[in-house]
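Protein chains get the first letters and strands the later ones, always in sequence-line order, with residue 1 at the start of each. What you see is a predicted model, and the numbers here were worked out from it, not measured in a lab. Below, each value reflects all heavy atoms present in this structure, side chains not excepted, and no hydrogens, waters or symmetry copies.
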Amino acid sequence: MITITLPDNSKKQYKEGVTALEIARDISEGLARNVLSAKINGEVWDAIRPIDKDADVRLLTSRDEEGMATLWHSSAHLMAEAINTLYPGVKFGIGPNIEKGFYYDIDFGDYEISEKDFEKIENKMMEFAREKQLFIRQEVSKAEAIEYFTGKNDEYKLELINELDDGEITFYRSGDFVDLCRGPHLPDTGFIKAIKLLNVAGAYWRGDIKRKQLTRIYGITFLKKKDLTDYLQFIEEAKLRDHRRIGKDLELFTFSQLVGSGLPLWLPRGAELRERLENFLKKVQREAGYEQVITPHIGKVELFKLSGHYDKYGEDSFQPIDTPIEGEQFFLKPMNCPHHCEIYKSKPHSYKDLPIRLAEFGTVYRYEQSGELHGLTRARGFTQDDAHIFCRPDQLKDEFIGVIDIVMKIFKALDFKDFITQISLRDSNDKEKYIGSDENWEKAEKAILEVSAEKKLPNTIIKYGEAAFYGPKMDFMVRDALGREWQLGTIQVDYNLPDRFEMEYVGSDNQKHRPIMIHRAPFGSMERFVAVLIEHTAGKFPLWLTPVQAIILPISEKYNKYAKKVLTLLNNSDLRARIDERSEKTGRKIRDAEVNKIPYMLIVGEREEAESTISVRKQGEGDLGEFTVDQFVKRVNEEVNTIYS
RNA sequence: GCCGAUGUAGCUCAUUUGGUAGAGCGCGUCCUUGGUAAGGACGAGGUGACGGGUUCAAAUCCCGUCAUUGGCUCCA
């Protein structure tokens, strides 16, 4: 007999070879039907794999991430089984579960696969699922494994097997399909009740651009049909929040084939919105001791050779601009820092001058690969809310705190609650990779960790070995409507450029010292930030940002004159308002304003004109009653000013 | 850049197998002058992304280019 300990610490005696599924059945038949896999002494196992010694057992269901991982991993096998039946002779690469669903990389040989084939594959998968095929685990020797896949002529599996040690190789069989797999899997395919293949993509074998490109098919499955319907609905709703769509609807930005892909054109309303964001940040930065600078969009090749950008990225960048007569070469700037370094160097500095904080909304150009462009989140020309802080080592921590304060102010003003903070430190086993002294690195990394703890930043992850070669950094990331992660703000310590540019300041000891540089961009780029903001708010921007704050709706054309009077009053108070002068009924005007997400609707008719008032309706909420214009302006100003509190 | 998909009116889409294009919304004019989420009538709008080919005939079939898009790779 062995002792099984459950998560509530209850202990039970079982025969050797008992399975998690049997333990579940012992608790209740309903639970047994929902067990996908189980955690045995911290390792996820098949629910039907015999347990032969004392163990801690936690049953995994659809409520556990690991349970869903098992479902999706098994689904990848089911898909492979279906494909193996429908397209004999195809070869399989890897087929893991992912955060939401699974994929399988497959070499289809001469078959041409597109989304048109999905239905056929889904149907075959459903057929096998209904057969409730068992997933059978089998331990094999390396020689057996090699023999099997040599027979199948599958060089991908053979490559994987060759990297494994004898004695740790397992196969899983479902139906007639055998796959090299570590497991674990569902008890049988019958758990899979809803299947949807999502898309097909090319993927290089082992992620290596030099190797063969396989066909990757993504899919998702669920235990209940309803879950799939809900998931597909979520995708549809997320699409409605897509910044590319809303940006078009609200006339914020556009792209032009003639101008070139990845080069956004900001329309008047988008430009206004962006300008308000910039002004907000400028104000915050001024208060924090920043100074604005302005630099040109190009610089001589020598500048970027000095900064090191040329060597590292020159060939993959927009190519140099040549002057016709002198034969000089200029680069579009991919970063603002070299220009700012030259500003620092324009005069000598004393330790008393530091820190110097140079800020610029600097537009940069990077040749992103065509397949990588994505609306405003990935563009070839974009504007960073850049600043470079030049400081002494003893000032590093305070400067870091100052930057985090700015980032938090912005996130608060825009109601970003859901973000991740990533701290990237160096890999201390591979110090050769990094520039700068050991002492400086240790000091900077310690400062960052301390600041992060003091500021109690939520969702902080620390990654070792992710630092740039020139210094540790802290990044702020958010998710877009479709769950993709985007980096927004960044704070990076840099020991490299001060060296390259031979920057100096005179210390209190009358000796020359090298300053530390901090790159920071709280928004990241205006383009990406606005994109994320659009998706975050679904286009319902906060009042202080929105293009049109209020729309005046005259009950009939008889009151247009009064409406204009109200408009003038509002404009004089710096409110952004318009009038809907169409000869439409009030219900219609209200509907259109609601759909256009205009925060306030101001209804004026006979009564309002007589009493010199406006009837205020708030978007999404409804009628707020009668206000004088002064009362309304006061209300709006109070609402707007909350961003600075 | 690579694999897959897409490109028809300002927007969202339709046009069964090739026979010179339609709808809704929006827009314009007129009627209507209305009180908290769609009043009515009429009308204007399209080189079917662009270039080439096949055909008596191409939005439709083929090739190329550009752009968009889901991934991969890359990412300062």
Side-chain angles (χ1 to χ4, degrees), chain A residues 98 103 105 108 112-118 198-218 235 239 242 244-245 248-249 251 254-262 304 307-310 312-314 316-317 333-338 364-375 378 382 384 386 468-470 473 482 484 487 490 492 494 496-497 519 521 524-525 553-560 582-596 601-608 615-626:
Chain A
I98 51 177
Y103 67 79
D105 285 346
F108 274 93
E112 284 189 22
I113 295 300
S114 77
E115 282 160 29
K116 293 187 191 81
D117 301 283
F118 284 0
L198 297 168
N199 45 46
V200 55
Y204 298 104
W205 172 234
R206 314 214 88 175
D208 185 344
I209 192 161
K210 290 192 271 299
R211 307 197 64 177
K212 186 158 183 187
Q213 190 165 45
L214 306 181
T215 304
R216 175 172 297 180
I217 298 180
Y218 286 89
I235 299 281
K239 279 187 191 158
D242 194 309
R244 294 165 297 187
R245 180 196 174 93
K248 196 184 242 178
D249 282 354
E251 296 185 12
T254 188
F255 290 89
S256 147
Q257 289 195 17
L258 253 186
V259 173
S261 58
F304 297 106
S307 70
H309 293 109
Y310 182 84
K312 212 163 159 55
Y313 306 106
D316 303 322
S317 178
K333 65 177 176 188
M335 295 182 84
N336 301 300
C337 27
V364 297
Y365 299 89
R366 301 176 186 179
Y367 188 79
E368 302 293 350
Q369 294 185 78
S370 57
E372 190 54 45
L373 300 174
H374 184 88
R378 180 72 110 205
F382 57 95
Q384 296 180 309
D386 212 355
F469 73 93
Y470 50 78
K473 60 178 180 175
L482 290 166
R484 289 171 294 221
Q487 185 192 307
T490 182
Q492 309 187 0
D494 188 345
N496 178 42
L497 288 180
H519 308 248
S525 85
L553 310 181
I555 295 288
S556 86
E557 285 167 13
K558 279 188 282 191
Y559 311 106
N560 281 358
R582 295 174 305 166
S583 68
E584 292 292 347
K585 290 168 104 166
T586 309
R588 176 52 182 273
K589 292 183 182 179
I590 287 171
R591 186 192 138 80
D592 288 347
E594 287 278 350
V595 168
N596 286 318
M601 287 150 265
L602 311 177
I603 293 149
V604 295
E606 190 180 354
R607 200 170 64 230
E608 290 79 5
S615 285
V616 178
R617 178 190 166 101
K618 188 160 192 188
Q619 201 266 348
E621 290 179 24
D623 196 359
L624 300 180
E626 273 185 71

Euclidean distance, A/Lys585 NZ relative to A/Ser556 OG, rounded to 0.5 Å: 13.0 Å
Anti or syn - B/G53, cut at 90° from 0: anti
A/Arg244 side chain near B/U69 phosphate (N/O to OP1/OP2, under 4.0 Å): yes
P spacing across the pair B/A59 / B/A9, given as an integer number of angstrom: 14 Å
Protein N or O to nucleotides 43-51 of chain B N or O, pairs below 3.5 Å:
none

Between B/U69 (P) and A/Leu198 (CG): distance, integer Å: 19 Å
Between C1' of B/C2 and CG of A/Asp105, the distance in whole Å: 14 Å
Rounded distance (nearest 0.5 Å) linking atom SG of A/Cys337 with atom CG of A/Asp494: 7.0 Å
Euclidean distance for C1', B/G46 against B/G53 (whole angstrom): 24 Å
B/G1 OP1/OP2 closer than 4.0 Å to side-chain N/O of A/Ser370: yes
Donor on one side chain, acceptor on other, A/Gln492 and A/Tyr470, under 3.5 Å: yes
Rounded distance in Å - CZ (A/Arg588) to C1' (B/U33): 16 Å
B/A67 and B/U20, which share atom name C1', separated by this distance in whole Å: 27 Å
CD (A/Glu115) with more than 12 external heavy atoms under 6.0 Å: yes
A/Ser261 side chain near A/Phe255 side chain, heavy-atom distance below 4.5 Å: no
Between B/A57 and B/C3 - P atom distance, rounded Å: 34 Å
Between P of B/C3 and CZ of A/Arg211, the distance in whole Å: 18 Å
Whole-Å gap separating C1' (B/C13) and NZ (A/Lys239): 15 Å
B/U60 to B/U6 separation - P atoms, rounded to the nearest Å: 14 Å
Side chain to side chain contact (heavy atoms under 4.5 Å, CB included) partners for A/Glu594, two or more places apart: A/Ile590, A/Met601, A/Arg617, A/Gln619
A/Arg366 CZ to A/Ser317 OG distance, which is reported to the nearest 0.5 Å: 9.5 Å
Gap between atoms CD1 and C1', on A/Ile217 and B/C3 respectively (whole Å): 12 Å
Residue mapping more 5' on RNA chain B - nearest nucleotide basis, A/Gly262 or A/Lys116: A/Lys116
Partner set under side-chain hydrogen bond (donor to acceptor under 3.5 Å, both in side chains) for A/Lys589, not counting sequence neighbours: none
Side chain to side chain contact (heavy atoms under 4.5 Å, CB included) evaluation trace for A/Tyr103 with A/Asn199: CA-CA 9 Å; A/Tyr103 67 79; A/Asn199 45 46; over 6 Å; no
Stem regions touching RNA chain B, defined by at least 3 consecutive Watson-Crick or wobble G-U pairs below 3.5 angstrom: B:1-7 with B:66-72, B:10-13 with B:22-25, B:27-31 with B:39-43, B:49-53 with B:61-65
Any donor-acceptor N/O pair, A/Glu608 side chain to A/Gly605 backbone, under 3.5 Å: yes
Restricting to nitrogen or oxygen on both sides, can you table the protein-nucleotides 34-36 of chain B pairs closer than 3.5 Å?
| unit_1 | atom_1 | unit_2 | atom_2 | d |
| --- | --- | --- | --- | --- |
| B/G34 | N7 | A/Ile555 | O | 2.5 |
| B/G35 | O6 | A/Glu606 | N | 3.0 |
| B/G35 | O6 | A/Arg607 | N | 3.2 |
| B/G35 | N1 | A/Glu608 | OE1 | 2.8 |
| B/G35 | N1 | A/Glu608 | OE2 | 3.2 |
| B/G35 | N2 | A/Arg607 | NH2 | 3.4 |
| B/G35 | N2 | A/Glu608 | OE2 | 2.3 |
| B/G35 | N2 | A/Ser615 | OG | 3.4 |
| B/U36 | O2' | A/Arg617 | NH1 | 3.1 |
| B/U36 | O2 | A/Arg617 | NH1 | 3.2 |

Flag, side chain of A/Asp117 to backbone of A/Ile113, donor-acceptor distance under 3.5 Å: no
A/Tyr559 vs A/Glu606 side-chain heavy atoms within contact, under 4.5 Å: yes
Protein proximity profile, nucleotides 71-76 of chain B - base contact B, sugar-phosphate-only contact S, no contact -, cut-off 4.0 Å on heavy atoms: BBBBBB
Rounded C1' spacing from B/U47 to B/G4 in Å: 30 Å
Pairwise side-chain contact, A/Val364 with A/Phe382, heavy-atom cut-off 4.5 Å (strictly under): yes
Of A/Gly375 and A/Asp249, the one whose closest RNA chain B nucleotide lies more 5': A/Asp249
Any A/Thr215 side-chain N or O less than 4.0 Å from OP1/OP2 of B/G4: no
d(CE, A/Met601; P, B/A38) in whole Å: 13 Å
Between C1' of B/G26 and CD of A/Glu251, the distance in whole Å: 11 Å
Side-chain ion pair, A/Asp623 and A/Lys618, N-O less than 4.0 Å: no
Modelled atom types, side-chain donor and acceptor of A/Arg216 and A/Tyr218, under 3.5 Å: yes
C1' atoms of B/U15 and B/G52, separation to the nearest Å: 25 Å
Test: A/Asp208 and A/Arg206 ion pair at under 4.0 Å: no
B/G39 and B/G34, which share atom name C1', separated by this distance in whole Å: 9 Å
